[in-house]
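Residue numbers count from 1 along this sequence.
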Amino acid sequence: MTPTATLFDADAASYTGTVEVLGVIFRADDDGYAVLEVREADSGEGFALVGPVAHLGEGDRAEVSGEWQTHSRYGRQLRAQGALPLDPADREGQVAYLTSLRHIGQKRAERLVDEHGEGVLAAIAANPQAVFSSLRGVSVDQAAAATESWHASRAIRDLHVQLAPHGLAHLAAPIHARYGERSMTVLHADPYRLTEVPGVGFARADKIALAADVPPESSRRAQAAAAFALVEAEQQGNSFLPLDELVRRTARLTGLVPDPDVLVEGPGLAVEEERVYREPTLASEIAVAVTLGERAALPPHLDHEPGEEPGKLTDEQWAAVRGAFEARVSVLTGGPGVGKTECTRGIVAEAEAANATIALCAPTGRAARRMEDATGHEAKTIHRLLEWMPGREPAFRPGHPLPVDLVIVDESSMLNLRLAEVLLGGIAESTHVVFVGDADQLPPIGAGKPFEDLIDSETVPVVRLTQIFRQAARSMITTAAHEINQGRPPHRDPGPDQEHDFFFIERPSPERALETVVEVVAERAPSGFGVDPIRDVQVLAPMYKGPVGIDALNERLQARLNPDGKRALGDRFRIGDRLIQTRNSHELGLMNGSIVFLREDQPDEEAIVVDTDDGGSLVIPYGETATLRLAYAISVHKAQGCEVPVVVGVCHRSHARMLTRPLLYTAITRARNSCVLVGDRGALEAAVARDDSGGRHSGLAARLQG
């Protein structure tokens, strides 16, 4: 430590020294920012360390550098510019570090330190497999797993060294999780590939690349920015970007206007008439268009005539049933309360009468279960139907199709291009396919909008159900959804003979809106609707950040609904919490959007036990829990394809930029029995007036039309 860096020099502006982390005061989830309570190793003096130091935890030692500053509320603190983790020097720290390794608990860690003394970490580094195998009670497999986690921890520390000068040390763990032993090679040889890692955007990868002397005006940099801009565009739902728009987006990323000709020569890009795609996305769009076009042109394969009498169905419903047998590809669409489920039952009944084999499927597990309950016929997710785990080839694929005569796909508005491609590729040319869904719901997550494009192309029979049945019309939820869909704010008072199952609570203040949501969930819903506030009520909001965003709602709802739950997974969750899976885990059978309830934490087994929302249970290893989040409140997109007894939706001006008619419509139609909106009337009216259902760049409809 330099003389000017001492803690006792009140005039020193900077500091470099070794500190020990005493505790974490605050840690952000996304950008690596944290506030830590630390003490200097030499003097024992304590102070607050702030900045990109979220990679450090309690008990860690680090070489830190930074600038002193005085906070108006918290006093003097060090704003970190670098924080390089160090191996712990004392027994307590070494034991704590070793317990972070797989299968090395407190007792085994203490035994290792007792046997090897201060040089325990050096002894392990020399031969980790031998050291771990020498521990009594440790199996060969456990020793191998401990060795693997040791190598991972050391590799992550090496990455810290490389990333710390860029203020990106907190990204070492996710980078290592993505690339493993290739992490250093990627970091040095192709830093722009780091954009493949969640949390590493173009700006961060660009910072590393420029520091490695990549010229700012280089074609490599411009092409990397263009590729990243296209990935972002796909996340926003686009299949491609017009070339001029791609140039603008690339210029915003690099600060330089690129040469369009150079831009489109980038690896993995394809150009069609001034439209720029990523090559895999173009291939998916062409494949979906060709498959649908070819099948639409063929005569029906099923030899069955449903007849002319609709029975209990209306004429338009019966037209949908007949359409399933009159064409190899057909569409059934309509809003809530118009009888899509009755049509599906009718199609299933007619197929059974014709001795045809049937498969029912939907994009999500919850939608598939609802379909099965409604029809009495087995229904599966699309992934399960095709026996497909991403990263592997589906069991049912081109050349080896699913052996069924008719497939009904529910919640088809959730299909993106890639999912549609794999589904169609796994279905035989002779199989009839019926796409069922609500075209007015939110478009799918990911590139494309196949369901909407198929309808707009007018190349296959489409039945739009419009008649709202009397029983459904008694629900204010149904009429509110249709009013919103027609661009009119919903009525707030029930009409004659209507059930009062839709409510709007005016709360212009964000603080009061937050308090009211918590009150509705914790008090009004249980007493008024007779529901379990944790299992039967779902809060939906458009945004994660902000005073009444998903993050704030989850924090307050957990504190109110589960205040005494035992801490689990460190301090991440509490026993009894409502959780959501945020990525597909086919190994576990847990899909993106699945809701689970935390029942048990098993540290000795390095696993948690959860109850699934279909009444089952599941053991999840610690290593698979990173994609679980609190789910007292979730986004409307995450709620697609499900129904819950009670929905409490946030419709507040602080979310104005995200509030649209399709989003509000989708939120309301998730409610099975009751829906409560909390917010302000102006935000509600603005959302209803803003129809952003279109606007995605997609070439599928045009391809279908030839």
Side-chain angles (χ1 to χ4, degrees), residues 291-292 294-363 365 367-382 384-387 396 400-412 415 423-424 426-438 451 454-455 459-472:
T291 304
L292 287 172
E294 289 177 346
R295 296 184 187 187
L298 293 171
H301 181 77
L302 282 173
D303 184 15
H304 178 67
E305 174 59 58
E308 300 296 333
E309 294 299 324
K312 295 180 180 179
L313 302 182
T314 66
D315 289 339
E316 65 177 6
Q317 288 176 317
W318 193 243
V321 174
R322 292 178 59 84
F325 297 91
E326 292 172 349
R328 298 204 192 190
V329 181
S330 60
V331 171
L332 168 62
T333 187
V338 296
K340 295 192 299 295
T341 300
E342 287 297 324
C343 284
T344 303
R345 289 196 193 104
I347 295 170
V348 169
E350 289 293 328
E352 289 175 338
N355 293 318
T357 52
I358 319 162
L360 308 185
C361 65
R369 283 194 299 276
R370 195 172 73 249
M371 194 181 191
E372 185 170 317
D373 291 343
T375 62
H377 191 285
E378 182 184 27
K380 299 179 179 180
T381 64
I382 293 170
R384 280 189 60 214
L385 181 70
L386 301 178
E387 298 179 15
F396 298 106
H400 187 248
L402 189 72
V404 296
D405 298 316
L406 186 145
V407 173
I408 303 176
V409 188
D410 200 12
E411 296 289 352
S412 294
L415 296 174
L423 172 62
L424 291 167
I427 296 173
E429 184 180 75
S430 59
T431 300
H432 286 223
V433 186
V434 183
F435 292 101
V436 181
D438 186 345
F451 186 60
L454 184 58
I455 294 172
T459 54
V460 301
V462 176
V463 173
R464 297 176 184 270
L465 301 180
T466 57
Q467 179 181 339
I468 303 174
F469 288 88
R470 182 179 300 176
Q471 184 176 355

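Residues Thr357 and Pro403 come closest through the heavy atom pair OG1-O, 3.9 Å. When every heavy atom of Leu302 is checked against every heavy atom of His432, the shortest pair comes out as N-NE2, 3.1 Å. Taking both residues in full, the closest heavy atoms of Phe435 and Leu292 are given as CE1-CD2, 4.2 Å, listed atom of the first, atom of the second, then distance. Of all heavy-atom pairs between Glu411 and Ala367, the closest is CG-CB, 3.7 Å. Closest approach of Leu332 and Cys343 over heavy atoms only: CD2-CB, 3.5 Å. Between Ala327 and Pro461 the shortest heavy-atom distance is CB-CG, 3.7 Å.
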| query | Should Ser330 and Val460 be marked as a side chain to side chain contact (heavy atoms under 4.5 Å, CB included) after you check the CA-CA gap, both sets of side-chain angles, and the distance that decides it? | reply | CA-CA 6 Å; Ser330 60; Val460 301; 5.9 Å; no
| message | Glu305 vs Arg322, test: salt bridge (Lys or Arg N to Asp or Glu O under 4.0 Å). Steps then yes/no. | response | CA-CA 7 Å; Glu305 174 59 58; Arg322 292 178 59 84; 2.5 Å; yes
| query | Is there a side chain to side chain contact (heavy atoms under 4.5 Å, CB included) between Ile347 and Leu406 once you walk through the steps? | reply | CA-CA 10 Å; Ile347 295 170; Leu406 186 145; 4.1 Å; yes
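A distance of 10.5 Å separates CD in Glu350 from CD1 in Ile358, rounded to the nearest 0.5 Å. Distance check: Arg464 CZ to Ile455 CD1 gives 5.5 Å after rounding to the nearest 0.5 Å. If you take CG on Leu385 and CZ on Phe396, they are separated by 7.5 Å, rounding to the nearest 0.5 Å. For the atom pair Thr333 OG1 and Lys340 NZ, the distance stands at 7.0 Å (nearest 0.5 Å). Rounded to the nearest 0.5 Å, atoms CZ (Arg295) and OG1 (Thr459) are 13.5 Å apart. To the nearest 0.5 Å, atom CD1 of residue Ile427 and atom SG of residue Cys361 are 6.5 Å apart.
Residues forming a ring pair (Phe, Tyr, Trp, His ring centres under 6.0 Å) with Phe325 (at least two apart in sequence, or on another chain): His304. Every side-chain contact (heavy atoms from CB on, under 4.5 Å) that Asp410 has, sequence neighbours left out, goes to Ala362, Met371, Val436. With sequence neighbours left out, Thr375 forms a side-chain contact (heavy atoms from CB on, under 4.5 Å) with Thr344, Arg345, Leu360, His377.
More than 12 heavy atoms of other residues, nucleotides or ligands shown are found within 6.0 angstrom of CG on Asp373.
Two residues are said to be in side-chain contact when any heavy atoms from C-beta on lie closer than 4.5 Å; Thr431 and Leu402 fail this criterion.
In this structure, Glu372 contributes its side chain and Ala379 its backbone to a donor-acceptor pair below 3.5 Å. Not a single donor-acceptor pair under 3.5 Å links the side chain of Gln317 to the backbone N or O of Glu342. Under the 3.5 Å distance criterion, the side-chain polar atoms of Trp318 are matched with a main-chain donor or acceptor of Gly307.
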